[in-house]
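The block underneath contains the structure these notes are about, expressed in structure tokens.
Hydrogens, waters and symmetry mates are skipped; everything else that's a heavy atom, side chains included, is used. Here is how names work: the chains are called A, B, and so on, in the same order as the sequence lines, proteins then strands, and each is numbered from 1.
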Protein chains: 2
Amino acid sequence: MATVYNHVFDWEAYLKFGMRRFFRKNESIYSQGTCGEGFYYLNKGLVRIVTKTASGKERMLNIVIPHQLMGVQSLDQKTHFTTAIVVKDSVVYHFPANEFRKLMVAHPELFKLFSKSVIHKMKILLDRINLNALTSEQKLALLLHNICDEFQNYEIPLCQHDLASCTGLTRITVYKVLKQWQEAGILEVQKRKYYIKKPDFLRNLVGR
Amino acid sequence: MATVYNHVFDWEAYLKFGMRRFFRKNESIYSQGTCGEGFYYLNKGLVRIVTKTASGKERMLNIVIPHQLMGVQSLDQKTHFTTAIVVKDSVVYHFPANEFRKLMVAHPELFKLFSKSVIHKMKILLDRINLNALTSEQKLALLLHNICDEFQNYEIPLCQHDLASCTGLTRITVYKVLKQWQEAGILEVQKRKYYIKKPDFLRNLVGR
DNA sequence: CTGAAAATGTTAAATAGGCTACAGTTACAT
DNA sequence: ATGTAACTGTAGCCTATTTAACATTTTCAG
């Protein structure tokens, strides 16, 4: 059940039909509860998707890398149930629902692309669900392993707090596990950035 | 964040284009890992969607009630990442990917229906993710509350084991909570079937 | 009708991970 | 440059859940 989140979905040809918009770090592209209209394609940058749970806590759902969609939930004019916050300055293309529907009539092959992108999203959500069945060590291992796949290197672009929010653990637990791994030489820290030294160890931990 | 899973998505008009198939209790409609081709619409019956986690445990993802889609994941000829097991004898309609794409060209309004159904699915997955942030009592409360919505009555169609698998708790924890609720008059048992007597209590617990 | 399998009831012990609290460091904005 | 905010390091206590272990009851297939 290896999950590689860096599939490229080739939307390039259709970008000219979208509305290009720029967002700076920490701006939100859309917010939970607001009414959306259409969806977004991330062309450049980095965005994280968070959601507020019933009990008011914020959880990070996933990180969107370029060439992925976000905000599909509100294609049918429903309210967003997540918030998209910009991590690195981003270029996104907005596709209003109506426009997109027209566009699809003209380009039926778009449906395949769209459904692929959405299914990919669903897979990510499913992975997040499966996370719960694991120990905290496994949760972190899986997360880091996936992140490395996404970014194709072994530098972890998230702070302890983010890792906690991603896994649903507390920062203290995250810290404890990371410390353990550091001592075992699985990770290394430089300038408060973690680097994975033994990716195989992580892979083993989650049985891949 | 009220989640009512019993929206009706009106696929009736299009069923004649699908392939009708019958399934008996405990048969599986599709299995994790096998390659799928298209998706299914549940017309009658009851189906549960389960998935194997990386660590090999089985988790129930959700229960599909009539008028919902399943198996959308493999619309693009990818392998299923869940298994659909029939709970009550079911009538389903299968829409092969190619057929459906053709169909959509002829009936563009189908896209709206399709996207609605898929987005609904995503919402269910998200709810399942948010479950983790809750206490075990809340997890169960939310689950039972949703199930009641789905079935429009207060009889719980799942055994302790199922409830455990749905929430990710152990059966013992489920048993403890249920016992507590029984003593408090929130539930009642008859012939090993649980009945919700005070739905408002559950609603309160999850802050709706 | 009967034996095995599934579901439930119950207890006790072990522990993982939560929460609190505070201190030291680094980053960044003005 | 400097003060504040964000991030990290660390300890200790506590309790909700898990694990393990068994007994009892019900279901159901052959």
Rounded distance in Å - [atom1] ([X]) to [atom2] ([N]):
| X | N | atom1 | atom2 | value |
| --- | --- | --- | --- | --- |
| Asn132(A) | dA16(C) | CG | P | 19 Å |
| Tyr175(B) | dT25(D) | OH | P | 14 Å |
| Arg24(B) | dA29(D) | CZ | P | 13 Å |
| His161(A) | dG9(D) | NE2 | P | 15 Å |
| Asn26(B) | dA6(C) | CG | P | 11 Å |
| Lys139(A) | dG18(C) | NZ | C1' | 12 Å |
| Gln180(A) | dT10(D) | CD | P | 13 Å |

Residues Asp89(B), Lys25(B): salt bridge by 4.0 Å N-O rule: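 No, this pair does not count.
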Residues in contact with DNA chain D, drawn from residues 189-198 of chain A - heavy-atom cutoff 4.0 Å: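 Those residues whose heavy atoms fall under 4.0 Å from DNA chain D, taken from residues 189-198 of chain A in numerical order, are Arg192(A), Tyr194(A).
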Below 4.0 Å: OP1/OP2 of dG9(D) and any side-chain N or O of Gln160(A):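 Indeed, a polar side-chain atom of Gln160(A) lies that close.
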Between the protein and nucleotides 16-21 of chain D, which nitrogen or oxygen pairs are less than 3.5 angstrom apart?
{"unit_1": "dT17(D)", "atom_1": "OP1", "unit_2": "Ser136(B)", "atom_2": "N", "d": "2.9"}
{"unit_1": "dT17(D)", "atom_1": "OP1", "unit_2": "Ser136(B)", "atom_2": "OG", "d": "2.5"}
{"unit_1": "dT17(D)", "atom_1": "OP2", "unit_2": "Ser136(B)", "atom_2": "OG", "d": "2.7"}
{"unit_1": "dT17(D)", "atom_1": "O5'", "unit_2": "Ser136(B)", "atom_2": "OG", "d": "3.4"}
{"unit_1": "dT18(D)", "atom_1": "OP2", "unit_2": "Thr170(B)", "atom_2": "N", "d": "3.2"}
{"unit_1": "dT18(D)", "atom_1": "OP2", "unit_2": "Thr170(B)", "atom_2": "OG1", "d": "2.9"}
{"unit_1": "dT18(D)", "atom_1": "OP2", "unit_2": "Thr173(B)", "atom_2": "OG1", "d": "2.5"}

Asp127(B) vs Ile124(B), side chain to side chain contact (heavy atoms under 4.5 Å, CB included): CA-CA, chis, key distance, verdict: CA-CA 5 Å; Asp127(B) 269 12; Ile124(B) 291 176; 5.6 Å; no
Ring geometry between Phe114(A) and Phe39(A) (parallel below 30°, tilted from 30 to 60°, perpendicular above 60°):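 Ring orientation of Phe39(A) relative to Phe114(A): tilted.
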Parallel, tilted or perpendicular: ring planes of Tyr40(B) versus Tyr30(B), cut at 30 and 60 degrees: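 If you compare the ring of Tyr40(B) with that of Tyr30(B), the planes turn out parallel.
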Derivation of the side chain to side chain contact (heavy atoms under 4.5 Å, CB included) call for Phe100(B) and His94(B): CA-CA 10 Å; Phe100(B) 185 67; His94(B) 182 226; over 6 Å; no
Side chain to side chain donor-acceptor pair (under 3.5 Å) partner of Gln73(B), the single match among His80(B), Lys121(B), Gln32(B):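 Output: one option passes, namely His80(B).
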Given Glu188(A), Gln160(A), Glu155(A), the one that forms side chain to side chain donor-acceptor pair (under 3.5 Å) with Tyr194(A):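 The side chain to side chain donor-acceptor pair (under 3.5 Å) with Tyr194(A) is passed solely by Gln160(A) among Glu188(A), Gln160(A), Glu155(A).
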Test log, rule side chain to side chain contact (heavy atoms under 4.5 Å, CB included), inputs Val174(A) and Leu140(A): CA-CA 8 Å; Val174(A) 170; Leu140(A) 264 172; 4.2 Å; yes
Distance, nearest 0.5 Å, that separates NZ of Lys193(B) from CD1 of Ile156(B):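 Between atom NZ of Lys193(B) and atom CD1 of Ile156(B) there are 10.0 Å.
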